[in-house]
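Since the structure comes first, as structure tokens, the remarks are kept for the end.
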Amino acid sequence: MSVLVFLETDKGIIKKTSQEAIAYGAAVASATGGTVTALALGEGDASELAKAGRFGAAKVLHAADPRLNQENSLAYASALVQAVGATGSTVVILAKSGIGDAVAARAAARLKAAIVSGATELPDTAGGFSVKRSIYTGKAFATVEMKAPVKIIAIRKNAVDVQAEEGSAAVEVFNPVFGDNDFKATVTGSEKAGTQLSLTDADIIVSGGRGMKGPENWQPLIDLAQALGAATGCSKPVSDLDWRPHHEHIGQTGIKVAPNLYIACGISGAIQHLAGVNGSKCIVVINKDPEAPFFKAADYGIVGDVFDVLPRLTKAIKEG
Amino acid sequence: MKILVCITNVPDTTARISFTDGDTKLNKAGVQYIIGPYDDYALARGVELKEQSGGMLTVLNVGPADSEPQIRKALAIGADDAIRVDAEPVDSFFVAEQIAHVARQNGYDLILMGRESIDFNSGIVHGLVGELLGIPSFSPVMKLDIEGGKARFAREIDGGKEYLEADLPLILGCQEPIAEWKIPNMRGIMTARTKPLQVVEPVPTEELTVLQKYELPPAKGACRMIPAEEAETLIRLLKTEAKVL
Ligand SMILES: Cc1cc2nc3c(=O)[nH]c(=O)nc-3n(C[C@H](O)[C@H](O)[C@H](O)COP(=O)(O)OP(=O)(O)OC[C@H]3O[C@@H](n4cnc5c(N)ncnc54)[C@H](O)[C@@H]3O)c2cc1C
């Protein structure tokens, strides 16, 4: 099966989540006999995009129309549908994200495709096409058969192991045709947390709860995150109280993350918080209460005061 | 202004999930149901906008009769009337086709729903409906104002937010802090009993995905406790045992 992978880029560089999407697509293509084409939209440097080859893409279609520099699910879906046609792809892979889901949905409706969002494993293609996905906010899984000729899958982080190899994809100019309908909204402004590592892309997350006691106490947590090259997250009350920005809120009603390592500092481990982190490979909990429910979901635990433990961990990492 | 708010009827966030019928059905025994938390935000903002503009707000659910307590709750919170499409929702595409069908018949200026349901978490119904109706969809929306047929709203993007402007009609997937959840008052509960709730038959759709089975995650191993004064040990274990550093 020929596979098309929708790329998300950040300042022209392929996001980690999209590197996984390419690797996932490459695994599907090699199991079913086919090649992988990646689709890049908006600004992008050809030498950066060629790196898609390291994860298994043979070719990158690059549509550099400057209007595509703004995230736009309508125009992106139009471009994706045209790229499916141009490449004869029957499988489309995207990383699960706000824009990924939106593009997947709109393209699926146009192509009458079978769509699964939240895949956690590679599909089973022996005698059919079924894929396992996360449901009930990580409390369970469902295996779903995808019946339509075109299949669109949005994958969760860590759905596949990424091994970068030598390789370079051929980057081709792609000129999809857009209609007026594709540019219906005007962006009037944006706020972005500068150079901060994004939560969904991060391999390590250090996250703080109400146990951090106030926004003025965040420095030890930020220091640890910096020492680890980690992103910072928080519990819902922390963002509700404006101690931390809303885009750091993790859980049932916030961002769902699945990093390799999640370090929870002064978070009790309410079921709604756990729902957002239970895809993590390894969970470390630091809490002064030995009865905190989070320990039941943890791999490693330290019973102690965050303000004592965090600097020790930072020091231990720096000393190597 | 005519507003449609689509709600899901889902297990409470604290519900224990298990399955029956050879792992093909959710075990509903002892499970409390709620309006999806994100849908609840959409409903709250919808009611505020309706009150400001003096329009009409219809609440829609695709689901069997079990959903009616949640639909009544939405009426008690401030919806004017309700439509229930009488069907077990089989997948996102099925639900989207039902919503699009209702919307085509009635013509709404604004369709709001949660960014995702908390049972299947797909986050794709607003996009599907948008495409089926040929109108723009945006998600996750965290701020929304309507003025003279134009929506001004903020959408969460990776690591921040973006402010947008677009003409109605629109479909938006909502999340906090678009509004505060509303709790029905006594008067709301009383009037909700007599507000119209129309039950309609589903339109047929193509079956694009089929559920094969559900499963629970493997049980978590015991947590390894490390004394607070041995932080170095934790770092070493993360490197050598867990291999995540
Ligand atoms: C519908 C619904 C959706 C929700 N969605 C979310 C969600 O998406 N995300 C989310 O996080 N919550 C969510 N919640 C809220 C959730 O139920 C909890 O209230 C919340 O997660 C608690 O946050 P917390 O752990 O930071 O605070 P608390 O529960 O107050 O816990 C603070 C913890 O810090 C520890 N502590 C205190 N001081 C120290 C110290 N000096 N050193 C070490 N430890 C210390 C305490 O022992 C305690 O365990 C939701 C709730 C509902 C009803």
Side-chain angles (χ1 to χ4, degrees), chain A residues 71 73-74 98 101-102 104-106 108-110 114-118 130 135-137 139-148 184-193 196 198 200 246-247 252-253 260-261 271-272 281-282 284 295 297-304 308-309 312-313 316-317, chain B residues 11 13-14 17 37-38 92-93 96 118-124 127-128 130-132 134 136-140 142 156-167 175-177 206-217 220 223-226 228 231-232 234-235 237-238 242 244-245:
Chain A
E71 269 187 15
S73 64
L74 287 89
D101 280 335
R106 297 200 76 110
R110 267 192 238 183
I115 175 167
V116 166
S117 174
S130 60
I135 56 169
Y136 293 105
T137 325
K139 287 186 202 168
F141 298 97
T143 304
V144 178
E145 188 191 350
M146 304 181 75
K147 298 217 312 191
K184 275 284 177 89
T186 323
V187 176
T188 54
S190 65
E191 287 165 25
K192 230 178 153 178
Q196 244 174 12
S198 97
T200 44
H246 186 269
H247 64 255
Q252 178 94 55
T253 48
N260 292 333
L261 176 58
I271 193 156
Q272 296 94 350
K281 265 194 194 155
C282 179
V284 171
F295 286 117
D299 299 281
Y300 298 96
I302 294 183
V303 176
D308 168 45
V309 175
R312 279 172 192 269
L313 291 176
I317 287 158
Chain B
T13 52
T14 58
I17 299 300
Y38 294 113
S92 303
F93 188 69
I118 64 161
D119 50 3
F120 286 86
N121 313 101
S122 291
I124 55 179
L128 289 167
E131 195 61 37
L132 293 171
S137 54
F138 296 91
S139 177
M142 48 203 301
E156 190 156 68
I157 53 173
D158 209 5
K161 54 185 150 179
E162 187 172 73
Y163 299 91
L164 298 115
E165 235 176 62
D167 291 329
Q175 71 171 26
E176 62 175 13
E206 237 174 285
E207 187 183 57
L208 301 174
T209 67
V210 182
L211 176 93
Q212 289 179 326
K213 69 167 176 9
Y214 291 124
E215 65 191 279
L216 294 173
K220 189 95 188 170
C223 176
R224 180 159 175 179
M225 301 307 289
I226 292 144
E232 307 69 31
L234 173 68
I235 302 301
L237 290 173
L238 291 176
V244 289
L245 286 187

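What's counted below: heavy atoms across the whole structure, side chains too, no hydrogens, waters or symmetry copies. In what follows, chains are A, B, ... by sequence order, proteins preceding strands, each numbered from 1. Nothing here was measured: the structure is a model prediction, and the numbers come from that model.
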Picking from A/V309, A/V187, A/D308, which has the most non-hydrogen pairs under 4.5 angstrom with chain B? A/V187

With sequence neighbours excluded, tell me which residues meet side-chain contact (heavy atoms from CB on, under 4.5 Å) with A/A105. B/I124, B/L128

Pick whichever of B/T14, B/L245, B/D158, B/L216 has the most heavy-atom pairs under 4.5 Å with chain A. B/D158

Tell me, do A/T253 and A/Q272 make a side-chain contact under 4.5 Å, heavy atoms counted? no

Return the CZ to CD distance between B/F93 and B/E207, rounded to the nearest 0.5 Å. 12.0 Å

Counting only heavy atoms closer than 4.5 Å, note whether A/L313 contacts chain B via side chain, backbone, both or neither. both

Go through A/E71, A/M146, A/Q252 and name the one with the most non-hydrogen pairs under 4.5 angstrom from chain B. A/Q252

Max heavy-atom pairs within cutoff under 4.5 Å with chain A, candidates B/E162, B/E232, B/M142, B/E176, goes to B/E176

Could you look at B/Q175 and say if it's the side chain, the backbone, both or neither that has a heavy atom under 4.5 Å from chain A? side chain

Exercise: identify the closest heavy-atom pair between B/G127 and A/R106: O-CG, 3.6 Å

With sequence neighbours left out, write down each residue that passes ring pair (Phe, Tyr, Trp, His ring centres under 6.0 Å) with B/Y214, or none if nothing qualifies. B/F19

By a 4.5 Å heavy-atom criterion (distance strictly below it), what part of B/P136 contacts chain A: side chain, backbone, both, or neither? both

Using a 4.5 angstrom heavy-atom cutoff, name the option from B/L132, B/I235, B/D119, B/D167 with the most pairs to chain A. B/D119

If you count heavy-atom pairs under 4.5 Å with chain B, which of A/G301, A/A108, A/G118, A/A114 comes out on top? A/G301

If one checks every heavy atom of B/K220 against chain A at 4.5 Å, the contacting part turns out to be side chain

Looking at A/A102, A/A298, A/A148, A/G98, which one has more heavy-atom pairs under 4.5 Å with chain B than the rest? A/A298

Please flag which part of B/F120 lies under 4.5 Å from any non-hydrogen atom of chain A: side chain, backbone, both or neither. both

Heavy-atom closest pair (A/D299 atom, A/K281 atom, distance to 0.1 Å) is OD2-O, 3.9 Å

Looking at chain B, which one of A/D101, A/I135, A/T143 has the largest number of heavy-atom pairs inside 4.5 Å, strictly under? A/T143

Contact part of A/E191 toward chain B, heavy-atom cut-off under 4.5 Å: side chain, backbone, both or neither? both

Contact class of B/E206 relative to chain A, heavy atoms under 4.5 angstrom: side chain

Which answer fits B/S122, side chain, backbone, both or neither, if we ask what part of it has an atom under 4.5 Å from a heavy atom of chain A? both

Heavy-atom pairs under 4.5 Å with chain B, option from A/T186, A/L74, A/V144 with the top count: A/T186

Closest heavy-atom pair, B/T13 versus A/K139, reported as atoms and distance to 0.1 Å, is O-NZ, 2.9 Å

Does the distance from a Lys or Arg side-chain N to an Asp or Glu carboxylate O, for A/K147 and A/E145, drop under 4.0 Å? no

Note: vs chain A, highest number of non-hydrogen pairs under 4.5 angstrom among B/L164, B/V244, B/V210 is B/V210

Nearest heavy-atom pair of B/C223 and A/Y300: which atoms, and what distance? SG-C, 3.6 Å

Looking at B/E131, is its backbone amide N or carbonyl O close enough to the side chain of A/R110 to form a donor-acceptor pair, meaning the two atoms are under 3.5 Å apart? no

Check each atom of A/T188 against the heavy atoms of chain B and say whether the ones under 4.5 Å are side chain, backbone, both or neither. both

In short, B/I118 meets B/N121 closest at the heavy-atom pair CA-ND2, 3.8 Å

Chain A contact via B/L211 - which portion, at a heavy-atom distance below 4.5 Å: both

Interchain contact, A/I302 with chain B, by part (heavy-atom threshold 4.5 Å): both

When the 4.5 angstrom heavy-atom criterion is applied to B/E156 and chain A, the contacting part is side chain

Looking only at heavy atoms and a cut-off of under 4.5 Å, which of B/S137, B/G134, B/P37 has the most pairs with chain A? B/S137

Cut-off 4.5 Å, heavy atoms of chain B, and the answer for A/A104 is neither

Can you tell which part of B/L238 gets under 4.5 Å to a heavy atom of chain A, answering side chain, backbone, both or neither? side chain

Based on non-hydrogen pairs under 4.5 Å, which of B/P177, B/A228, B/A96 is most in contact with chain A? B/A228

